[in-house]
Amino acid sequence: MASVLNNVSSVCLSNLNSNRLRTRPPVLTPISVSFTRRRLTIRAAETDANEVKSQAPDKAPAASGSNFNQLLGIKGAAQETNKWKIRLQLTKPVTWPPLVWGVVCGAAASGNFHWNLEDVAKSIACMMMSGPFLTGYTQTLNDWYDREIDAINEPYRPIPSGAISESEVITQIWLLLLGGLGLAGLLDIWAGHDFPTVFYLAVGGSLLSYIYSAPPLKLKQNGWVGNFALGASYISLPWWAGQALFGTLTPDIIVLTLLYSIAGLGIAIVNDFKSVEGDRALGLQSLPVAFGAETAKWICVGAIDITQISIAGYLLGVGKPYYALALLALIIPQVVFQFQYFLKDPVKYDVKYQASAQPFLVLGLLVTALATSH
């Protein structure tokens, strides 16, 4: 859920030149996974398709990498041999805060969160489930299925560079998934739910993460479907979990947050511009590949701005004028930064744009949550 908002991770990016390949050897088709009682078996078959299979270099230039970036799991990371640091890097901790914020918004929208020890402990447990466990599972799974495209766009990442073994990656995926689902079940018991709402939300989110990254569906191959799935994973699902934990998840909130996920789609597109070369080589139809950079950048800002304006209109219509005005006030600086940075050059200024504009978007999420709680 692969990702507020896919993404905050680019805020700390440093540029890393990727190597272009001149050879076209046979490649491996997407991995298929089968389960037996004894072990997890990975199978792959060769194909004669005219695709690019890149070869990652054995070593990354550690001197030019950042230890801080390595721990956050973003580009510009130093080469690392410590397996626990590598495992942490695969979970991309920089992508956890949007999920944590989503839980905060859901708890606020429930109207039943109280600043006492029990509610704070519940919210922290829900944040752990959404962030380190299930987002960590999603990011590790995504890196596993993206190892070929990462060998083009980010050849020094742990999997394509061989810094971590195949079996270690698979083990990490399972431990994070089962840990997240187990914690979700415990939260339902703690909240006294007759129906395990949080557990089923966790199962649904985990399944969405799988079909986003893995064949045969691999939603990320389609720029529209994949980016909306990503937006929903970062906005809707953690909000739903937080609200279900402290209150009741209602149909109007489900619709409202899914609408807000269209803004998440726009944010996901921001991160597609820097991966155009690899996406095109492996046949992924991201929106910059499908429509070209000029059209895609307007689709991106349109999805972000029109969605928030629509939410403000909804709040005004249901008698929340002050919240609507607050949300509109938070949209204005986002538009300013879009023209100042993103629309000028979405690749060169993506970091500055996201660092400048996204705080206003996530504050708008909280304004909306507070409006629905009153």
Side-chain angles (χ1 to χ4, degrees), residues 1-10 29-33 42 73-74 90-92 94-96 98-99 102 129-150 152-154 157 159-160 169-170 172-174 176-178 180-181 184 200-241 257-258 260-276 278-279 282-290 300 303:
M1 231 177 4
S3 250
V4 135
L5 274 157
N6 209 279
N7 216 295
V8 175
S9 66
S10 62
T29 56
I31 295 299
S32 63
V33 181
I42 306 295
I74 59 179
L90 283 174
T91 66
K92 295 185 182 177
V94 75
T95 65
W96 301 350
L99 283 295
M129 174 200 73
S130 301
F133 279 101
L134 294 182
T135 304
Y137 150 78
T138 298
Q139 296 294 348
T140 308
L141 182 75
N142 188 62
D143 268 24
W144 171 251
Y145 283 107
D146 267 6
R147 61 195 182 281
E148 291 181 12
I149 196 169
D150 281 347
I152 299 172
N153 294 327
E154 302 178 74
R157 287 199 59 76
I159 298 176
V169 175
I170 296 296
Q172 175 163 320
I173 289 170
W174 276 107
L176 291 172
L177 173 62
L178 295 177
L181 295 179
Y200 279 111
L201 286 173
V203 169
S206 302
L207 178 60
L208 181 62
S209 297
Y210 180 79
I211 64 175
Y212 173 81
S213 298
L217 294 179
K218 199 163 188 172
L219 300 181
K220 67 186 300 178
Q221 293 182 114
N222 182 289
W224 293 108
V225 177
N227 285 334
F228 182 77
L230 196 63
S233 298
Y234 275 85
I235 295 178
S236 299
L237 285 171
W239 181 316
W240 295 349
T257 50
L258 285 175
Y260 230 127
S261 297
I262 298 174
L265 177 151
I267 292 170
I269 298 172
V270 174
N271 297 281
D272 288 339
F273 287 92
K274 59 181 177 287
S275 303
V276 168
D279 290 347
L282 292 182
L284 299 181
Q285 289 297 304
S286 66
L287 295 186
V289 171
C300 174

So, [X] side chain and [Y] main chain: donor-acceptor pair closer than 3.5 Å or not?
X	Y	result
Ser275	Asp272	no
Tyr137	Ser206	yes
Trp96	Thr91	yes

Closest heavy-atom contact between [X] and [Y]?
X	Y	value
Met129	Gly180	CG-O, 3.6 Å
Tyr260	Ile235	O-CD1, 3.5 Å
Val276	Pro288	CG2-CB, 3.8 Å
Leu230	Tyr212	CD2-OH, 4.0 Å
Val270	Cys300	CG2-SG, 3.5 Å

With a 4.0 Å cut-off on N to O distance, would you call Lys220 and Asp146 a salt bridge?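 Counted as a salt bridge, because a side-chain N and a carboxylate O are separated by less than 4.0 Å.
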[Y] side chain reached by [X] side chain, heavy atoms, under 4.5 Å:
X	Y	result
Asp143	Arg157	yes
Ser213	Trp144	no
Leu284	Ile149	yes
Phe133	Thr138	no
Thr140	Val169	yes
Gln139	Leu90	no
Leu176	Leu134	no

So, taking the atom named [atom1] in [X] and the one named [atom2] in [Y], what distance separates them when rounded to the nearest 0.5 Å?
X	Y	atom1	atom2	value
Asn142	Ile173	CG	CD1	10.0 Å
Leu141	Tyr145	CG	OH	6.0 Å
Asp279	Leu287	CG	CG	10.5 Å

Would you say the side-chain atoms of Asn227 and Asn222 include a donor-acceptor pair closer than 3.5 Å?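 Not at all, the side chains of Asn227 and Asn222 share no donor-acceptor pair under 3.5 Å.
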Check the side chains of Ser261 and Ser236 for a donor-acceptor pair under 3.5 angstrom, ignoring hydrogens and angles.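 There is such a pair (donor and acceptor under 3.5 Å, judged by atom type) between the side chains of Ser236 and Ser261.
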Would you please test Thr257 and Leu237 for side-chain contact (heavy atoms from CB on, under 4.5 Å) and show each step? CA-CA 9 Å; Thr257 50; Leu237 285 171; over 6 Å; no
Pair Leu219, Tyr210 - check side-chain contact (heavy atoms from CB on, under 4.5 Å), show working. CA-CA 9 Å; Leu219 300 181; Tyr210 180 79; over 6 Å; no
